Undergrad: 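Quick one: structure below, then a few questions.
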Amino acid sequence: MKAVERAKLVRSLRQESRRLRLLVLVIGFFLVTLTFVVVSKPDALLFNLNGRLSVDQAPRSLLIRQTVDDDDARTQRSAAAQDPKVVDDEEGTSEEEEEKRALTSEPEQAKNEEKTTESQLLGSGAGEEKKGKEGHHGGHHKMTLPTVSNYTIRDAEDDNAKQEETKLGAVADESDANGRSQLQARNNAEWERKPLCDFSNFRANVCEMRGNIKIHPNASSVMYMEPASSKRNEVWKIKPYPRKGDELCLGKLRELTVKSSKVAPECTKYHNVPAVVFALTGYTGNLFHDFTDVLVPLFTTASEFNGEVQFLITDMAVWWTNKYHVVFEKLSKYPLIDFNKDGEVHCFKHAIVGLHAYMEFTIDSSKAPHNYSMVDFNRFMRRTYSLPRDTVSALGEIPKSKPRLLIISRQRTRMFLNLPEIVKMAEELGFEVVVEEANVSSDLSHFSKVVNSVDVMMGVHGAGLTNCVFLPDKATLIQIVPWGGIEGVCRIDFGNPSEQMGLRYKQYSIAVHESSLTDQYPLDHEIFKNPLAFHKGFEFIRQTFMDKQNVRLDCNRFRPVLLETLDQLNQ
């Protein structure tokens, strides 16, 4: 009996042991399954592009069928955010959904990008990607889970890509450097072949060099250093003032020697900017010549350097450079060098000796560097002197304002003998009249503001009309031409330049009865019958028709000119 009970107890224990092992096995399987669900998110794997079941085919235990309510819509957007490829496959995506996707947290985006990259790296390939996009139509694909090797492969490929980019960048930099070197070599070769100087211009001689240049003021020389193997042997003599052939003007100026050389004194001062060497004196001191001989050519030659240029001035007049100091400061950031008093040996890599100049008081934009024009010069002068008006206003645009007329008066020659009558007539026509005298001692800062404030400027031919450089665009310049057949000279000096600046220009030639020459000569004199017979050189013309003549303007004859000017201001 005891043996039977012992056998039953043994069997019972064995059964309990089996049940316990089965229970442990079930619990272990459950824990493994739970871990897989938590870590791998099989629902996401089922329904992203690598899971090949369509939404309609998905088990209900893992996915609630798509509905139109807001909760399900958010669920779909979240699923799409887990795989960026879905965005590419969906058509008609709303802007709101795009914005929400853009606001997805960075860690989640990084995780999604990792999954996409890993799937591609582990063999999905271009063909399988295409099938993945067709997954909504029932395609079937194997599912690949992330492994450590995926990240290792990706990191290795990223490193390889970075190394390749670095190599390509180095090759590109080397290519650019080689290109620049070749271009510079070609440019240097061109400069080496060109003569140092160009004396072909009828108005001005100019020398320009690039390379190793030494300027030695004490020796009045500019030396272009040649290699020992060079056979170039050039010597040029130049007075860097743009009045070529005018010995009366150039006679007192210092002559410079520009030459190629293999021997020169050591540099005592190095410059990293170009040099421009030019002369003063000449005819400077006359406002017209200040501009036509120096300021306009200097602007044409030096503007391209944007202030990064060194000026060396021969025959320098300190009072003159002080008068135009704002112009020099605008064109160069460096102190002026008085060539005649300097004892250094200056070394440059680029030097220009002389100034680019063309016709009187003009710029030939077809030949000037960067196609500079008188419009550019006019704008430059307004900005240099901080003038407020760039263009005139149409009449009536500013309430209760009258058009302003500036009359340039003169005190020695070519004076208006009936100035009060002229002023009265202009005021009756509706002008606000301003009378100013322009001379060498005028405060240019003040005078430029007066000129810029008016709509019309008039005066007898003379240097005072040079102030038209301060007029606003579309303003009018009226030049009164004295008796003597000098209309051509007057147009060249002020007519053409003013029109090239963008100004309106009118020229009024006086009749015999408006000239003071009738007080010196009888009406039947040759000077009235054939004034061209007195054109025996400029000096004779100047003494006869300019220095000894004044003007008594016929207001009735001149009135239509002002009326026409008013009409143009209305346009």
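Scope of the values below: all heavy atoms of this structure, side chains included, with no hydrogens, waters or symmetry mates. This structure is a prediction, so every number in the text was calculated from the model and none was measured.
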Undergrad: Show your reasoning for whether salt bridge (Lys or Arg N to Asp or Glu O under 4.0 Å) applies to Lys424 and Glu427.
TA: CA-CA 5 Å; Lys424 182 181 178 182; Glu427 289 176 340; over 6 Å; no

Undergrad: Taking 4.0 angstrom as the limit, do Asp473 and Arg382 come out as a salt bridge?
TA: no

Undergrad: Using the rule given for ring pair (Phe, Tyr, Trp, His ring centres under 6.0 Å), can you reason through Phe447 versus Phe470, listing the C-alpha separation, both sets of side-chain angles and the distance that settles it, and then say yes or no?
TA: CA-CA 9 Å; Phe447 205 86; Phe470 304 117; 8.0 Å; no

Undergrad: Give the minimum heavy-atom separation between Pro472 and Val392, together with the two atoms involved.
TA: CG-CG1, 3.8 Å

Undergrad: Can you name the residues that form a side-chain hydrogen bond (donor to acceptor under 3.5 Å, both in side chains) with Ser445, not counting sequence neighbours?
TA: none

Undergrad: Judged by modelled atom types alone, do Gln549 and Ser516 share a side-chain donor-acceptor pair under 3.5 Å?
TA: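 No, no side-chain donor-acceptor pair sits under 3.5 Å.
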
Undergrad: With no hydrogens and no angle check, do the side chains of Arg254 and Ser220 hold a donor and an acceptor under 3.5 Å apart?
TA: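 The criterion, which ignores hydrogens and geometry beyond distance, is satisfied for Ser220 and Arg254.
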
Undergrad: Which residue, Ile238, Ile352, Leu256, forms the side-chain contact (heavy atoms from CB on, under 4.5 Å) with Cys207?
TA: Ile238

Undergrad: Do NZ/NE/NH1/NH2 and the carboxylate oxygens of Glu255 and Lys239 come within less than 4.0 Å?
TA: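 Answer for the salt bridge query: no.
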
Undergrad: Kindly indicate whether the side chain of Leu569, heavy atoms from C-beta on, has any atom under 4.5 Å from the side chain of Val456.
TA: yes

Undergrad: Once disulfide bond (SG atoms under 2.5 Å apart) is applied, what residue pairs with a partner in residues 442-530 remain, sequence neighbours excluded?
TA: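 Checked against disulfide bond (SG atoms under 2.5 Å apart) - neighbours excluded - no pair reaches residues 442-530.
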
Undergrad: Donor-acceptor pairs under 3.5 angstrom involving side-chain atoms of residues 300-312: please list them, not counting sequence neighbours.
TA:
residue: Thr300; atom: OG1; partner: Val296; partner atom: O; Å: 2.9
residue: Thr301; atom: OG1; partner: Pro297; partner atom: O; Å: 2.8
residue: Thr301; atom: OG1; partner: His356; partner atom: N; Å: 2.9
residue: Ser303; atom: OG; partner: Phe299; partner atom: O; Å: 2.8
residue: Glu304; atom: OE1; partner: His370; partner atom: NE2; Å: 3.3
residue: Glu308; atom: OE1; partner: Tyr334; partner atom: OH; Å: 2.6
residue: Glu308; atom: OE2; partner: Lys333; partner atom: NZ; Å: 2.9
residue: Gln310; atom: NE2; partner: Pro335; partner atom: O; Å: 2.7

Undergrad: Any chance you could lay out the side-chain contact (heavy atoms from CB on, under 4.5 Å) test for Lys449 and Leu387, step after step, and finish with the verdict?
TA: CA-CA 6 Å; Lys449 289 178 173 60; Leu387 304 179; 3.8 Å; yes

Undergrad: To the nearest 0.5 Å, what is the distance between CD1 (Ile363) and OH (Tyr372)?
TA: 9.5 Å

Undergrad: Filter on salt bridge (charged side-chain N to carboxylate O under 4.0 Å, His left out), then keep only pairs touching residues 554-571, sequence neighbours left out; what's left?
TA: Lys506-Glu564, Glu514-Arg557

Undergrad: Out of curiosity, Thr466 OG1 to Leu287 CG, how far, rounded to the nearest 0.5 Å?
TA: 4.5 Å

Undergrad: Got a salt bridge between Glu226 and Arg232, using NZ or NE/NH1/NH2 to carboxylate O under 4.0 Å?
TA: yes

Undergrad: With Gln520, which residues qualify under side-chain hydrogen bond (donor to acceptor under 3.5 Å, both in side chains), at least two apart?
TA: none

Undergrad: Using a 4.5 Å cut-off on heavy atoms from C-beta on, say whether the side chain of Cys197 contacts that of Val206.
TA: no

Undergrad: Considering non-hydrogen atoms only, spot the tightest contact between Leu465 and Met458 and give its length.
TA: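 Heavy atoms of Leu465 and Met458 come nearest at CD2-C, 4.4 Å.
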
Undergrad: Would you tell me whether Thr413 and Arg410 have side-chain atoms, one donor and one acceptor, within less than 3.5 Å of each other?
TA: yes

Undergrad: Side-chain contact, heavy-atom cut-off 4.5 Å: Phe431 with Asp455?
TA: no

Undergrad: Look up atom CE in Met316 and atom CG in Leu336, then write down how far apart they are to the nearest 0.5 Å.
TA: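 If we round to the nearest 0.5 Å, Met316:CE and Leu336:CG are 5.0 Å apart.
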
Undergrad: Got a sec: does the NZ of Lys474 have more than 12 other heavy atoms crowding it under 6.0 Å?
TA: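 No - once you tally the heavy atoms of other residues, nucleotides and ligands closer than 6.0 Å, there are 12 at most.
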
Undergrad: CE of Met425 to CG of Asn418: how many Å apart, nearest 0.5 Å?
TA: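 Spacing of CE (Met425) from CG (Asn418) equals 9.0 Å.
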
Undergrad: A side-chain contact here means heavy atoms from C-beta on lying under 4.5 Å apart; do Asn205 and Asp198 qualify?
TA: no

Undergrad: Starting at CG of Asn467, measure out to CG of Asn452 and round the result to the nearest 0.5 Å.
TA: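 Output value for this atom pair is 11.5 Å.
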
Undergrad: Over 60° means perpendicular and under 30° means parallel, so tell me whether His271 and His346 are parallel, tilted or perpendicular.
TA: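 His271 and His346: tilted rings.
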
Undergrad: Quick one: do Arg243 and Glu360 make a salt bridge, cutoff under 4.0 Å?
TA: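 Counted as a salt bridge, because a side-chain N and a carboxylate O are separated by less than 4.0 Å.
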
Undergrad: Below 4.5 Å, heavy atoms only, C-beta onward: do Tyr224 and Val258 meet side chain to side chain?
TA: no

Undergrad: Within a strict 4.5 Å, meaning less than it, do heavy atoms of the Val375 and Gln500 side chains meet?
TA: no

Undergrad: What is the distance from atom CZ of Arg412 to atom CD of Glu437, rounded to the nearest 0.5 Å?
TA: 7.5 Å

Undergrad: Tabulate below the donor-acceptor pairs under 3.5 Å that side-chain atoms of residues 272-282 make, not counting sequence neighbours, or state none.
TA:
residue: Thr281; atom: OG1; partner: Asp315; partner atom: O; Å: 2.7

Undergrad: For Tyr270, which residues count as a side-chain contact (heavy atoms from CB on, under 4.5 Å) partner, sequence neighbours excluded?
TA: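 Tyr270 satisfies side-chain contact (heavy atoms from CB on, under 4.5 Å) with Cys267, Cys347 once adjacent residues are dropped.
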
Undergrad: Which pairs with one or both residues in residues 234-256 pass ring-ring contact (aromatic ring centres under 6.0 Å, His included), sequence neighbours excluded?
TA: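 For residues 234-256: Phe199-Trp236.
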
Undergrad: Sequence neighbours left out, cut at 3.5 Å: what donor-acceptor pairs do the side chains of residues 521-528 make with other protein atoms?
TA:
residue: His525; atom: ND1; partner: Ile527; partner atom: N; Å: 3.0

Undergrad: So do the side chains of Asn496 and Arg491 get within less than 4.5 Å of each other, counting heavy atoms only?
TA: yes

Undergrad: Please assess Met225 against Lys262 for the test side-chain contact (heavy atoms from CB on, under 4.5 Å), listing each intermediate value before the final yes or no.
TA: CA-CA 5 Å; Met225 304 310 298; Lys262 297 175 184 176; 5.6 Å; no

Undergrad: Less than 4.5 Å apart, side chain to side chain, heavy atoms only: is that true for Ile407 and Ile422?
TA: yes

Undergrad: Going by the ring-ring contact (aromatic ring centres under 6.0 Å, His included) test, which pairs reach into residues 535-571, not counting sequence neighbours?
TA: Tyr508-Phe558

Undergrad: Does the side chain of Ser453 come under 3.5 Å of the side chain of Arg404 through a donor N or O and an acceptor N or O?
TA: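 The criterion, which ignores hydrogens and geometry beyond distance, is satisfied for Arg404 and Ser453.
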
Undergrad: List the atom of Gly462, the atom of Phe494, and the distance in Å for their closest heavy-atom pair.
TA: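 It is O-CZ, 3.1 Å.
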
Undergrad: Please name all residues satisfying disulfide (SG to SG under 2.5 Å) with Cys249, sequence neighbours left out, ordered by chain then number.
TA: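 Counting only residues at least two positions away or on another chain, Cys249 forms no disulfide (SG to SG under 2.5 Å).
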
Undergrad: Indicate whether any N or O donor in one side chain lies under 3.5 Å from an N or O acceptor in the other, for Ser373 and Asp376.
TA: yes

Undergrad: List in chain and number order the residues that pass side-chain contact (heavy atoms from CB on, under 4.5 Å) with Ala394, two or more places apart in sequence or in another chain; answer none if no residue qualifies.
TA: Glu397

Undergrad: If you take all heavy atoms of Pro265 and Met223, which pair is closest and at what distance?
TA: CD-CE, 4.1 Å

Undergrad: Which of these passes side chain to side chain donor-acceptor pair (under 3.5 Å) with Tyr283: Asp246, Thr292, Asp290?
TA: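 The residue from Asp246, Thr292, Asp290 that satisfies side chain to side chain donor-acceptor pair (under 3.5 Å) with Tyr283 turns out to be Asp246.
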
Undergrad: Could you report the tightest heavy-atom contact between Asn233 and Ser260, atom names first, then the distance?
TA: CA-OG, 3.4 Å

Undergrad: Looking at Asp493 and Pro497, what are the two nearest heavy atoms and their distance?
TA: O-CG, 3.3 Å

